[in-house]
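Both backbone and side-chain heavy atoms feed into the values below; hydrogens, waters and symmetry mates do not.
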Amino acid sequence: MKLFGCQSCHQVVFFENTVCVRCSHRLDYIPSAATITALDPEGEGLWRALHNSERYRFCANEEFGVCNWLVEEVSQEQFCLACRHNRIVPNVHVDSNLEAWAKIEAAKHRLFYSLIRLRLPLSNRLDAPDYGLTFLFQAQLSRGPKIMTGHDNRLITIALEEADDAERESRRVAMHEPYRTLLGHFRHEVGHYYWDRLVRDDNKKLEAARSIFGDDRADYEESLKAYYANGAPPDWQKRCVTAYATAHPWEDFAETWAHYLHIVDTLEMVGAYGMHVDPKIDGADRFEVAVDFDPYRAPDVKQLLSTWLPLSVALNSVNRAMGQPDLYPFVLSPQTATKFGFIHSLMQCD
């Protein structure tokens, strides 16, 4: 993620901002330009962007305070590039639903920032009914079937309860997970979608994936039952980025995909702030590092991981100084680095 600036007064602004606190200009995001822009009203629901002098409309979901992305004046779309992928959204007449939906959309829009920056294929259900990426944000009904967060044939369901911090933490503890976030859910589940889009139907990529992640033809349901019954193997950290990644090759791929997005986007944010690691301790020179490149356009995965390692150590140390758990409580082994390399290779397609 980048830092942005108000084009009217040059105040630093952030991805979710809708108003500049210095000059009070309206702010919204232009996905095609990957930037926040200050806006001047043009009448009839149109706004002129100070970024490029073009005219835009708000996404229809701006009405509910859950989206700050713009739609081009000439577009026939009501919704922005991210919100076009929604199929089911919560009942907005329930206040708690609206608050939860806003949190979910904040995470989803950060996901789409990355997907667009990585130039990944983004078809929605209207453009491509057979393979368009589709989201269902559903609340649990007292007499309905249990809503489970997950992916099923291009449909990604996010249970509305995951937006409740206390409930999500309870589930994290119950499932023995080191972390659990809405953004993490999105990044993981979209990994399943891109397995289908980029790997499953390409024989060459599929064989390469099987040699790295394992044979995806293993029974998925039985594999999950075995994982939940027995847990991960004792040596899982030598092979996988998380314990859950050992459940099945599909989960290994999705977990690695999610962590790739974690790393790339966090490195961009670190670079935007000009942060670097330079420990003032003799013999600690191997931890000296700066993000002096665009992580979204890194030529190879080695550059990403060799930069990430010392930065994650530093960030973990900062969190511990505040009495917080590690920001990135994971170990990246040589075998997981190979898996990251495969994910990186998929990002090189426009």
Exercise for the section: Step by step, work out the side-chain contact (heavy atoms from CB on, under 4.5 Å) result for Tyr29 and Glu16. Expected result: CA-CA 9 Å; Tyr29 186 74; Glu16 284 86 10; over 6 Å; no

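- The cluster map of Ile, Leu, Val, Met, Phe, Trp and Tyr, joined by side-chain heavy atoms under 4.5 Å apart, puts Leu155 and Ile147 in different clusters.
- Taking the side chain as every heavy atom from C-beta outward, Phe79 and Val71 never approach each other to under 4.5 Å.
- When all heavy atoms of Ala337 and Val301 are compared, the closest pair comes out as O-CG1, 4.4 Å.
- The pair Arg217-Asp215 counts as a salt bridge, with a side-chain nitrogen and a carboxylate oxygen less than 4.0 angstrom apart.
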Problem - Trace of the side-chain contact (heavy atoms from CB on, under 4.5 Å) decision for Ile116 with Tyr296 - result: CA-CA 10 Å; Ile116 294 168; Tyr296 280 97; over 6 Å; no

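- Residues satisfying the ring pair (Phe, Tyr, Trp, His ring centres under 6.0 Å) criterion with Tyr228, sequence neighbours excluded, are absent altogether.
- Aromatic ring centroids of Tyr56 and Trp47 lie 6.0 Å or more apart.
- Residues Phe342 and Val199 are in side-chain contact: their nearest non-hydrogen atoms beyond the backbone lie under 4.5 Å apart.
- Ionic pairing of Arg117 and Glu268 is present here: one or more N-O contacts between side-chain nitrogen and carboxylate oxygen are shorter than 4.0 angstrom.
- A salt bridge is defined here as a Lys NZ or Arg NE, NH1 or NH2 lying under 4.0 Å from an Asp or Glu carboxylate O, and Glu162 with Arg180 meets this definition.
- Ionic pairing of Asp196 and Arg154 is not present here: no N-O contact between side-chain nitrogen and carboxylate oxygen is shorter than 4.0 angstrom.
- For Met1 against Ala272, the heavy-atom pair with the smallest separation is O-CB, 4.3 Å.
- Both Met269 and Leu115 are part of a single hydrophobic cluster, where members link through side-chain heavy atoms under 4.5 Å apart.
- Between Arg48 and Glu42 there is a salt bridge, since at least one side-chain N of the basic residue sits less than 4.0 Å from a carboxylate O of the acidic one.
- Ring planes of His85 and Phe112: tilted class, angle from 30 to 60°.
- Annotation: Trp69 is not in aromatic contact with Phe58 [ring centroid separation under 6.0 Å not met].
- Nearest heavy-atom pair across Thr134 and Arg125 is OG1-CB, 3.3 Å.
- Side chains of His151 and Tyr193: no donor on one and acceptor on the other come within 3.5 Å.
- Taking the charged nitrogens against the carboxylate oxygens, Arg168 and Asp165 do have a contact shorter than 4.0 Å, which makes a salt bridge.
- Residue Thr242 forms a side chain to side chain donor-acceptor pair (under 3.5 Å) with just one option from His188, Glu251, Glu255, and that option is Glu255.
- Smallest separation of non-hydrogen atoms from Leu305 and Leu332: CD2-CD1, 4.0 Å.
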Practice task
For ring pair (Phe, Tyr, Trp, His ring centres under 6.0 Å), just list the numbers for His262 and Tyr179, CA-CA rounded to whole Å, side-chain angles, deciding distance to a tenth of an Å, and then say yes or no.
Solution key: CA-CA 12 Å; His262 289 336; Tyr179 88 120; 5.6 Å; yes

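- Identified under the salt bridge (charged side-chain N to carboxylate O under 4.0 Å, His left out) test for residues 94-106, with sequence neighbours left out: Glu105-Lys108.
- Using a cutoff of 4.0 Å between basic side-chain nitrogens and carboxylate oxygens, Glu221 and Lys225 are not scored as salt-bridged.
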Exercise for the section: Apply ring pair (Phe, Tyr, Trp, His ring centres under 6.0 Å) to the pair Trp308 and Tyr328, showing each step before the final yes or no. Expected result: CA-CA 10 Å; Trp308 176 247; Tyr328 191 75; 5.1 Å; yes

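- For the pair His248/Phe213, no side-chain contact is recorded, criterion being any heavy-atom separation below 4.5 Å from C-beta on.
- Applying the salt bridge (charged side-chain N to carboxylate O under 4.0 Å, His left out) test to pairs two or more places apart or on separate chains, those with a residue in residues 61-70 are Arg26-Glu62.
- When all heavy atoms of Ala49 and Thr37 are compared, the pair lying nearest together is CB-OG1, 3.5 Å.
- Criterion: ILVMFWY side-chain heavy atoms under 4.5 Å apart, direct or through other members. Under it, Leu136 and Leu111 are not part of a common hydrophobic cluster.
- Met148 and Phe137 are not part of a single hydrophobic cluster, where members link through side-chain heavy atoms under 4.5 Å apart.
- Between Val291 and Leu311 the shortest side-chain heavy-atom distance falls below 4.5 Å.
- Side-chain atoms of Phe135 and Arg87, non-hydrogen and from C-beta on, never get closer than 4.5 Å to each other.
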Exercise for the section: Could you walk me through whether Leu133 and Asn124 pass the side-chain contact (heavy atoms from CB on, under 4.5 Å) test, one step at a time? Expected result: CA-CA 5 Å; Leu133 176 61; Asn124 61 56; over 6 Å; no

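- Put simply, the side chain of Leu27 does not reach to within 4.5 Å of the side chain of Phe14, judged on heavy atoms.
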Handout entry: Worked check of side-chain contact (heavy atoms from CB on, under 4.5 Å) between Val19 and His25
Key = CA-CA 6 Å; Val19 177; His25 261 84; over 6 Å; no

